[in-house]
**Student:** 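Can you keep this structure in mind? I'll have questions shortly.
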There are 2 protein chains.
Amino acid sequence: MSHRGAINEESIQVLDHPMGQADGVDFEIIELLFFAYRDFISDPDAILDTSGFGRAHHRVVHFVNREPGLTVAALLDTLKITKQSLARVLKQLIDSGYIVQIAGPEDRRQRRLFPTVRGRDLALALARPQSCRIANAMEGLNESGRAAVKTFLSGMINSANRSGAADQSDAKEGQDR
Amino acid sequence: MSHRGAINEESIQVLDHPMGQADGVDFEIIELLFFAYRDFISDPDAILDTSGFGRAHHRVVHFVNREPGLTVAALLDTLKITKQSLARVLKQLIDSGYIVQIAGPEDRRQRRLFPTVRGRDLALALARPQSCRIANAMEGLNESGRAAVKTFLSGMINSANRSGAADQSDAKEGQDR
DNA sequence: AATTTATGTCAACATAGCTGACATATTCGA
DNA sequence: TCGAATATGTCAGCTATGTTGACATAAATT
């Protein structure tokens, strides 16, 4: 099967050289991100296996604890999932006493979400191992290195997201999604 | 509803203050990672929607292209999924002409996986927008900043993984997983 | 009063994980 | 040489989490 570039079997062109930097793509960071996130998420996953919840519950508990009183609409916007997807896990979290809903004081159509003590405890328990992993990974870095990491991660995020400022791109559409 | 710490409704303790740094956890980076990865993965997702494949196919095509000739076992180890999960997507990729299997030259039980030109093209098309996003996020950083990002991401990965060195922890067990 | 908004809910479906069980071909060790 | 171990494939069924579409209700808005 020859020297380099291609083998031939049943008239299909088969490549035997690795895709790499020569292709003008930064595969190193792509893979680092893949593995880093996979392992980063595995910490809380292990805890969740015990409690009968999943990643979807994790996200909900996290953001409700980070911003008590947020509305269902705000949560949907943060998670970028449909209300039907959210409904399933949210219902379980409410039924199990991790989160409560309280009608909005101004707009009583809203269901503002608050964590219970139980919900707070869960959110913290899930966050702790992740925080440790991060602290560990930051260990060798000085202040400017740590700042670089934050700058990088922030730069990876679609600017339309994060930090308030609802984008008005779909003010109509009844945003059922 | 009071000053600070807790509301009370139906005798459940409800918290209305945000979970934050006071809890001794680095929520900032936790969330940056969440959003960064979500958006990072959305680029190839958009392309995949067109082609009828999903994230699972993406990963397989990626690693086969990065290491042509890898065995099914090696791929399973990288992806950390079961062979049954892999089988589904791998079969589709083979049937569609993106990947071919060739019996191992030494050990003929092995099915070594190689990309076709078509598979290479797909892998590159998927990697390109991610690489651009990364380049963009790295834009403002100097060399030491970029190095810090790599150090950080590497530090996030379980040392047991990556870079050869099979861990011998489960040499028995028939590793069906 | 009519419409819009915020939310909930039912039903059906897709993707991508999982477990368990079993089949086949090949290699390896006694 | 034969039996065990290995590499892989495959069938069947389950779970988690996403999707669409349709419709219901209460409250706010015009």
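Naming convention: chains lettered A, B, ... in sequence-line order (proteins, then strands); numbering from 1 in each chain. Quick caveat: nothing in here was measured; it's all calculated off a predicted structure.
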**Student:** Which label fits B:Phe40 and B:Tyr37: parallel for a plane angle under 30°, tilted from 30 to 60°, or perpendicular past 60°?
**Tutor:**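 The rings of B:Phe40 and B:Tyr37 sit tilted, inter-plane angle from 30° to 60°.
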**Student:** Toward the 5' end of DNA chain C, which comes first, A:Ala73 or B:Gly104, by nearest nucleotide?
**Tutor:**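 Counting from the 5' end, the first nearest nucleotide belongs to A:Ala73.
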**Student:** Can you tell me whether the side chain of B:Lys91 and the base of D:dG9 have a donor-acceptor pair closer than 3.5 Å?
**Tutor:**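 When only heavy-atom distances are counted, B:Lys91 does not reach the base of D:dG9 through any donor-acceptor pair under 3.5 Å.
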**Student:** Which whole-number value in Å describes the distance from A:Gln84 CD to C:dC13 P?
**Tutor:** 16 Å
**Student:** In this structure, how many angstroms lie between the C1' atom of C:dG17 and the CZ atom of A:Arg38, rounded?
**Tutor:** 14 Å
**Student:** Would you tell me if any nitrogen or oxygen in the side chain of B:Ser85 comes within less than 4.0 Å of OP1 or OP2 on C:dA16?
**Tutor:**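 Answer is no, no contact under 4.0 Å.
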**Student:** To the nearest 0.5 Å, tell me how far A:Asp26 CG sits from B:Cys132 SG.
**Tutor:** 10.5 Å
**Student:** Closest nucleotide of DNA chain D for A:His57 versus for A:Asp107: which of these residues is on the 5' side?
**Tutor:** A:His57
**Student:** Looking at B:Thr82, I'd like to know whether one of its side-chain N or O atoms comes within less than 4.0 Å of OP1 or OP2 on C:dC18.
**Tutor:**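 For C:dC18, OP1/OP2 do have a side-chain N/O of B:Thr82 under 4.0 Å.
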**Student:** Checking the side chain of A:Asn65 only, and the main-chain atoms of A:Val61 only, is there a donor and an acceptor separated by less than 3.5 Å?
**Tutor:**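 The answer is yes, because a donor-acceptor pair under 3.5 Å joins these two groups.
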**Student:** Could you check whether B:Arg88 gets within reach of a base, just the sugar-phosphate, or nothing at all, counting any heavy atom under 4.0 Å?
**Tutor:**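 It contacts base atoms.
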**Student:** Looking only at the side chain of B:Ile81 (C-beta and beyond, no hydrogens), which of the listed nucleotides C:dC18, C:dT27, D:dT10 gets closest?
**Tutor:**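 It is C:dC18.
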**Student:** Quick one: label A:Arg112 by what it contacts on the DNA or RNA (base, sugar-phosphate, nothing), any heavy atom closer than 4.0 Å.
**Tutor:** nothing
**Student:** Is the distance from OP1 or OP2 of C:dA25 to the nearest side-chain N or O of B:Arg109 less than 4.0 Å?
**Tutor:** no
**Student:** May I ask you to verify if any side-chain N or O of B:Gln101 is less than 4.0 angstrom from the OP1 or OP2 atom of D:dT8?
**Tutor:** no
**Student:** Round to the nearest Å and state the distance from A:Arg55 atom CZ to C:dA16 atom P.
**Tutor:** 14 Å
**Student:** Roughly, in whole Å, what's the span from NZ in A:Lys83 to P in D:dC23?
**Tutor:** 13 Å
**Student:** Report yes if at least one side-chain N or O of B:Arg111 is closer than 4.0 Å to OP1 or OP2 of D:dT8; otherwise report no.
**Tutor:**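 No, outside the criterion.
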**Student:** Over all strands shown, is A:Glu106 touching base, sugar-phosphate only, or nothing at heavy-atom distances under 4.0 angstrom?
**Tutor:**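 Sugar-phosphate contact only.
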**Student:** Using the closest heavy atom to pick a nucleotide of DNA chain C for each, name whichever of B:Leu86 or A:Thr71 lands nearer the 5' end.
**Tutor:** A:Thr71
**Student:** Check the distance between C:dC18's P and A:Asp49's CG and give it to me in whole angstrom.
**Tutor:** 11 Å
**Student:** Verify the ring-centre separation between B:Phe53 and B:Tyr98: is it less than 6.0 angstrom?
**Tutor:**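 Here the rings of B:Phe53 and B:Tyr98 have centres that are less than 6.0 Å from each other.
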**Student:** In whole Å, I'd like the distance from the CG atom of A:Leu76 to the P atom of D:dG18.
**Tutor:**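 Interatomic distance, CG of A:Leu76 to P of D:dG18: 11 Å.
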**Student:** Let me confirm one number: the CZ-CZ distance from A:Arg66 to B:Phe27, rounded to the nearest 0.5 Å.
**Tutor:** 6.0 Å
